[in-house]
Asker: 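Below you will find the structure I want to go over with you.
Only a predicted model underlies this, so the values are computations on that prediction, with no experimental measurement involved. Indexing begins at 1, ligand by ligand and atom by atom, following the structure's order.
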Amino acid sequence: MTAQAKVDKLKEITNIAEKRGIFFPTAEIYGGKAGFYTYGHLGKLLKNRFENLWRSYFLEENFWEIEGNSILPSQVFEASGHLKNFNDPLTECKSCHFRFRADQFVEDALKIKAEGLSIEDLDKLIKENKLKCPRCGGQLTKAEWFNMMFPITIGAAGSKDISYLSPETAQNPYLSFKREFEALRKKLPFGLAMIGKAFRNEISPRQLFFRLREFTQAEVQIFFDPEEIDACTEWKKISSYKLLLQSVKDRKGDKVQEISCEDANKKLKLPKMYLYYMQKMQRFYLEELKIPKKDFRFYELSEEERAFYNKYHWDVYLNLEALGGFKEVAGLHYRGDYDLGAHQKHSKKELAVFLEEKKKKVLPHVLELSFGVDRNIFALLDIFFRVEKERNLFAFPSSLAPIEVGVFPLVRKDGLAEKAQTVNDELCKVGIRSFYDEDGSIGRRYRRVDEIGTPFAVTIDYDTMKDGTVTVRERDSMKQKRVKIAELAKSLK
Ligand code: ATP
């Protein structure tokens, strides 16, 4: 895809999104603020459908959803290390004072990977390559660390009680661990999931809502006995499943290996439990979200790129044409006992637990499945967007489409509109998300539902009044067939 084609695709998606109520900048009437977007009525439906699919897929036996808080006390982030380490490298133009994230700036300018580089290395690259401010050509300051959390004051004016907007949902399950362990019959493993807001004061929010300052995460924290990391009750079922992996070594030449779980266990030394969740995540993308295989890969982070406590860290990368290639949308992190250990130390409350069945005490380890909901929504918009001769459309799978069926009378008169409304009501009653539209020519109504990714359109015409049948048009093929109203819901389902 050429650079111009990328710009055009991003523009097209944005135009449709803003015009049809998928997403738009927040507080637009006041000029908006970078990094904040609102989901309109269709975007919210799409997001809800994604989140519900995610819930029904990942909340397996003994996995539960909780709802914690967005605001958490500073002690939490002292313990988690965010206050000290949740920093991005910042550089500023000495002339126009525009501020950049130094690693992203170097990545864009030199087309290399710069995430995880030290401040010294970033400064060296900027100096050696004589990089200047891309806005005005001015000199850049030395890079410095910038903490990305938003502090907020709790209590009345003058209060010194500083808390923070949480930059990830993960802390809530760690803080709830002991309570939930007790409530869930004192057994491991169990999973605590949370879908909630995360806040990061990103230096360079960009690429629409791919890098936001307020965003939604869907995460599961799995607490388990560390001895179980290489155990998997489902191993026989999954061992021959082929994963799509780009290890650090495969980066050269941009290779992706298709490798069975069995071989990944033996050759890449990835533990069985980790592999079970890798295949589960891959299946979610390929089978549930219907992402084409060529657009999916797991991307291994090098030791310098991953957090020191993550023993294994592979991210899910999807091919996003509008953003120029493969980008991170989710991750699978084996965090060891870092989180519970840190909270145990700082709170001075014991978080190690006694396992009756095994007659031993353990500080559980954590495996984290982390998804950025907004990035996934962006990916769906990018991957399913099609430009055809006479129409633009989102070819969403039915399980994700914000609206499943459009119901149209061919014309408003002769009782067709009333009949169409009755058909629409009946579809809604049986849980099909349909909507009624009588405005404009039938051709234009088809284009409108195509544009928002609606898989089916039902038209009520004069034959309907005679023989009780309607026309069902399928979005992708545009093929039509006659179906009896009595069988319509069943046929659509
Ligand atoms: P990046 O390297 O792109 O900054 P990250 O590795 O810091 O992301 P994590 O802390 O692992 O991200 O967060 C988990 C998920 O949350 C990411 O995979 C991504 O989907 C999402 N995410 C992180 N930062 C943002 C953001 N600023 N805007 C939207 N989604 C985000």
Side-chain angles (χ1 to χ4, degrees), residues 23 26 33-39 43 47 50-51 54 58 77 80-82 85-90 100-108 113-117 146-150 165-173 193-221 281 284-285 289 296-302 304-310 312-318 320 323-335 338-339 366-382:
F23 65 79
T26 296
K33 262 258 168 273
F36 296 94
Y37 275 87
T38 294
Y39 284 91
K47 192 171 181 230
F50 174 86
E51 289 175 0
W54 184 90
F58 285 106
F77 301 111
S80 68
H82 282 88
N85 301 321
F86 198 58
N87 301 318
D88 270 346
L90 172 77
F100 309 88
R101 204 177 128 174
D103 55 345
Q104 279 173 2
F105 167 62
V106 167
E107 279 190 9
D108 292 348
K113 267 265 170 206
E115 195 181 344
L117 289 185
F146 167 79
N147 191 284
M148 289 162 69
M149 283 198 300
F150 288 101
L165 289 174
S166 190
E168 57 182 22
T169 63
Q171 294 307 318
N172 281 293
M194 191 166 141
I195 297 183
K197 289 282 191 178
F199 302 83
R200 298 183 186 180
N201 199 357
E202 297 279 356
I203 299 165
S204 316
R206 56 187 194 162
Q207 298 176 321
L208 284 183
F209 61 82
F210 195 79
R211 188 166 295 286
L212 295 166
R213 286 176 164 142
E214 176 180 343
F215 56 99
T216 303
Q217 287 185 320
E219 298 189 303
V220 193
Q221 313 299 322
M281 283 171 83
F284 177 67
Y285 281 96
L289 302 184
F296 174 96
R297 63 179 59 159
F298 267 109
Y299 178 93
E300 185 187 22
L301 270 80
S302 67
E304 300 77 56
E305 288 162 346
R306 61 182 189 242
F308 70 90
Y309 47 79
N310 274 339
Y312 305 103
H313 181 165
W314 293 68
D315 281 333
V316 172
Y317 270 42
L318 296 182
L320 307 183
L323 299 186
F326 279 87
K327 301 277 175 199
E328 173 191 338
V329 297
L332 179 59
H333 317 137
Y334 176 27
R335 304 174 64 113
Y338 174 75
D339 307 283
V366 169
L367 189 63
E368 175 186 57
L369 282 59
S370 173
F371 296 75
V373 175
D374 316 271
R375 283 195 189 177
N376 278 279
I377 299 297
F378 184 92
L380 297 174
L381 294 171
D382 184 307

Asker: Do any N or O atoms from the side chain of R101 and from the backbone of I203 form a donor-acceptor pair under 3.5 angstrom?
Answerer: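 Not confirmed, R101 side chain does not pair with I203 backbone.
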
Asker: Any side-chain to backbone donor/acceptor pair from Y338 onto S80? Under 3.5 Å, distance only.
Answerer: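 Pair found, side chain donor or acceptor close to backbone of S80.
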
Asker: Hey, do the aromatic rings of Y317 and Y299 have their centres closer than 6.0 Å?
Answerer: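 Distance test on ring centres: under 6.0 Å, yes.
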
Asker: Determine whether S204 and R211 satisfy the following criterion, side-chain contact (heavy atoms from CB on, under 4.5 Å), listing intermediate values before the conclusion.
Answerer: CA-CA 8 Å; S204 316; R211 188 166 295 286; 5.7 Å; no

Asker: Please tabulate protein-ligand N/O pairs under 3.5 Å for ligand 1, atom names and distances to 0.1 Å.
Answerer:
| from | atom 1 | to | atom 2 | distance (Å) |
| --- | --- | --- | --- | --- |
| ligand 1 | 2 (O) | E115 | OE2 | 3.3 |
| ligand 1 | 3 (O) | R211 | NH2 | 2.9 |
| ligand 1 | 3 (O) | R375 | NH1 | 3.1 |
| ligand 1 | 3 (O) | R375 | NH2 | 3.0 |
| ligand 1 | 4 (O) | R211 | NH1 | 3.0 |
| ligand 1 | 4 (O) | R211 | NH2 | 3.4 |
| ligand 1 | 6 (O) | E328 | OE1 | 3.4 |
| ligand 1 | 6 (O) | E328 | OE2 | 3.3 |
| ligand 1 | 7 (O) | R200 | NH1 | 3.2 |
| ligand 1 | 10 (O) | R200 | NH1 | 3.1 |
| ligand 1 | 10 (O) | R200 | NH2 | 2.9 |
| ligand 1 | 13 (O) | Q217 | NE2 | 3.3 |
| ligand 1 | 16 (O) | Q217 | NE2 | 3.2 |
| ligand 1 | 18 (O) | E328 | OE2 | 2.7 |
| ligand 1 | 20 (O) | V329 | O | 2.9 |
| ligand 1 | 20 (O) | G372 | N | 3.2 |
| ligand 1 | 24 (N) | R200 | NH1 | 3.3 |
| ligand 1 | 27 (N) | E202 | OE2 | 2.7 |
| ligand 1 | 27 (N) | L212 | N | 3.3 |
| ligand 1 | 27 (N) | L212 | O | 2.9 |
| ligand 1 | 28 (N) | F210 | O | 3.4 |
| ligand 1 | 28 (N) | L212 | N | 2.8 |
| ligand 1 | 30 (N) | R375 | NE | 3.4 |

Asker: So that I can tick it off, tell me whether R213 and E202 are bridged by a salt bridge, with the cut-off set at under 4.0 angstrom between side-chain N and carboxylate O.
Answerer: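 Looking at R213 together with E202, the answer is no, because their closest N to O distance does not fall below 4.0 Å.
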
Asker: Please confirm whether the ring centroid of F199 lies under 6.0 Å from the ring centroid of F215.
Answerer: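 Distance test on ring centres: not under 6.0 Å, no.
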
